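The structure appears right after this line, and notes come after that.
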2 protein chains.
Amino acid sequence: MATSDPVYLRVVEDIRRQINDGTLPPGAPIPSRAQLTRKYQVGETAARHALRVLVTEGLVIGRVGSGHYVRERPILMPLHRWRFPEHPTPFAADLQTQGRRVTWEWQIDSTEATPEIARRLRLPLSAKLTRTRYLYRGEGRPLQLAISYEPVEFAAHLDEERRGVVARMSAHGVRITEIRETVHTRVPRPAEADALQLPAGTHVLHVERTHWAGERPMETSDIVLPGDRFRVTYSMPVG
Amino acid sequence: MATSDPVYLRVVEDIRRQINDGTLPPGAPIPSRAQLTRKYQVGETAARHALRVLVTEGLVIGRVGSGHYVRERPILMPLHRWRFPEHPTPFAADLQTQGRRVTWEWQIDSTEATPEIARRLRLPLSAKLTRTRYLYRGEGRPLQLAISYEPVEFAAHLDEERRGVVARMSAHGVRITEIRETVHTRVPRPAEADALQLPAGTHVLHVERTHWAGERPMETSDIVLPGDRFRVTYSMPVG
DNA sequence: GCCGCAAAGTTGGGGCTCCAAGGGTCGTCG
DNA sequence: CGACGACCCTTGGAGCCCCAACTTTGCGGC
């Protein structure tokens, strides 16, 4: 509103307003650089900068050779976190119950505990761990990345029996009593942006999941979801 | 890695690598525009663009007149979501238990249900609601925004007794049995960026909380947290 | 009526420059 | 010895330009 702030922000705010109030519906074209310079009486740098801000905010996408368009707001996919079916991760199972075809691939290797993972599993640094990397796809597109860590002694037959952590640990005589998950948001790492085919400006939801047997953490995993397409739902009983 | 991708990305990737592997620790200065042009043999535009990308990624902050510095990674504040103390929202209580002074202010007014809120509370459109807006502060800085909606008939004495939803509903003979929360991430709205004093490039965590009495939703609220400072933790018992 | 090609428009990378506002440093003056 | 000011450096806003790669459009010919 203030006439003192940068001119590119004036442009950004005007376009953002038009997107929010529906004047520019999803899919609608945004004026080009040349049109913006004329319409708002600004230089090319300001017009260009304004468009870049809108792109990194995720409100708009740019198509080379064509133009900028209001981004279609994808429907946020719900992931319900209070059922624990017999699946590698509840996420995939939950997605399937919504009538979506979800496929996943994984690869297993050995690694040593990094400071972060050692802390989470309460193990000494460079303890031997089995690491499993998952990539989930739905309708062809990548949906979710996950990396699971657990002590090597529990990982026998991991590649054959794809049962959930709870069931598999139980087969080793370990009773999982609790699952804790921590959700935060951050900028995707380059590898993640690549694997999940994230458009510029989107963030990811990072879910840190740990399976506990009483006071002992038994398995931990990092689950990375495109922030613009997922919402994670939790249920807690009261009283 | 590929020598074909834009030169500014080469610069970004090199600096990002140095930040990640600790060569550039938090607080360390990033080479200035002039130094980058010399060091990487690129034009000023590329150097400038590289710095901007690092800033919007949240890895680096720029101080006018001084330079760019590796951003101090704020310690992510945990908010544990499995205790329900007698406080307006569990968030504030949880923060306090960590030895932080948290203050909050609120204002109450009346409003009609928007499509979104009507859906969540299963009420007809434009049903009469009491809306309470909260702003939480910790150590002077704004921490969290929340807007709570509930049918007017439960809101008596809302401004006097600041008890939690569960306790207050119970006084009206309504037993809350379940709390559901949905977490997603998005770009802050301008008013939120302003109220929470969010630096450029940060996202927010948006928690949608609903209190249920059996199959009836009784209260719903939108809780907005700075994505770069908060992590939300949930616990689920197994078996 | 349809096809293909050329021209025009658009994005995104990159270059150069000027300038205001502010931080840092060092030396001089009181 | 301490305070203050000058000077240099840095960021961030803004302007203008060139070009490659790509999309869209419209026209002419078949």
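Order of the sequence lines sets the chain letters (A, B, ...), proteins ahead of strands, with each chain counted from 1. Keep in mind it's a predicted model, so treat the numbers as computed, not measured.
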What residues form a side-chain hydrogen bond (donor to acceptor under 3.5 Å, both in side chains) with A:D222, not counting sequence neighbours?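 Here the qualifying residues are A:R120, A:H206.
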
For atom [atom1] of [X] and atom [atom2] of [N], their distance in whole Å:
X: B:L36; N: D:dC9; atom1: CG; atom2: P; answer: 16 Å
X: B:Q35; N: D:dC8; atom1: CD; atom2: P; answer: 17 Å
X: A:Y40; N: D:dG15; atom1: OH; atom2: P; answer: 15 Å

Within the 4.0 Å limit for protein heavy atoms, which parts of nucleotides 12-22 of chain C are touched? Write it as a string from 5' to 3', B for base, S for sugar-phosphate only, - for none. BBBBBB---BB

Verify whether one side chain among A:R180 and A:T210 offers a donor that lies under 3.5 Å from an acceptor in the other. no

Using 0.5 Å steps for rounding, measure from the CD atom of A:E105 to the OH atom of A:Y136.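 Here the interatomic distance stands at 11.0 Å.
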
Pair B:E150, B:V165 - check side-chain contact (heavy atoms from CB on, under 4.5 Å), show working. CA-CA 10 Å; B:E150 59 192 287; B:V165 176; 5.5 Å; no

Side-chain donor-acceptor distances from residues 20-33 of chain B under 3.5 Å, at least two apart:
| from | atom 1 | to | atom 2 | distance (Å) |
| --- | --- | --- | --- | --- |
| B:N20 | ND2 | B:R16 | O | 3.4 |
| B:D21 | OD1 | B:T23 | N | 2.9 |
| B:D21 | OD1 | B:T23 | OG1 | 2.5 |
| B:D21 | OD2 | B:R17 | NH1 | 3.3 |
| B:S32 | OG | B:Q35 | N | 3.4 |
| B:R33 | NE | B:E44 | OE1 | 3.4 |

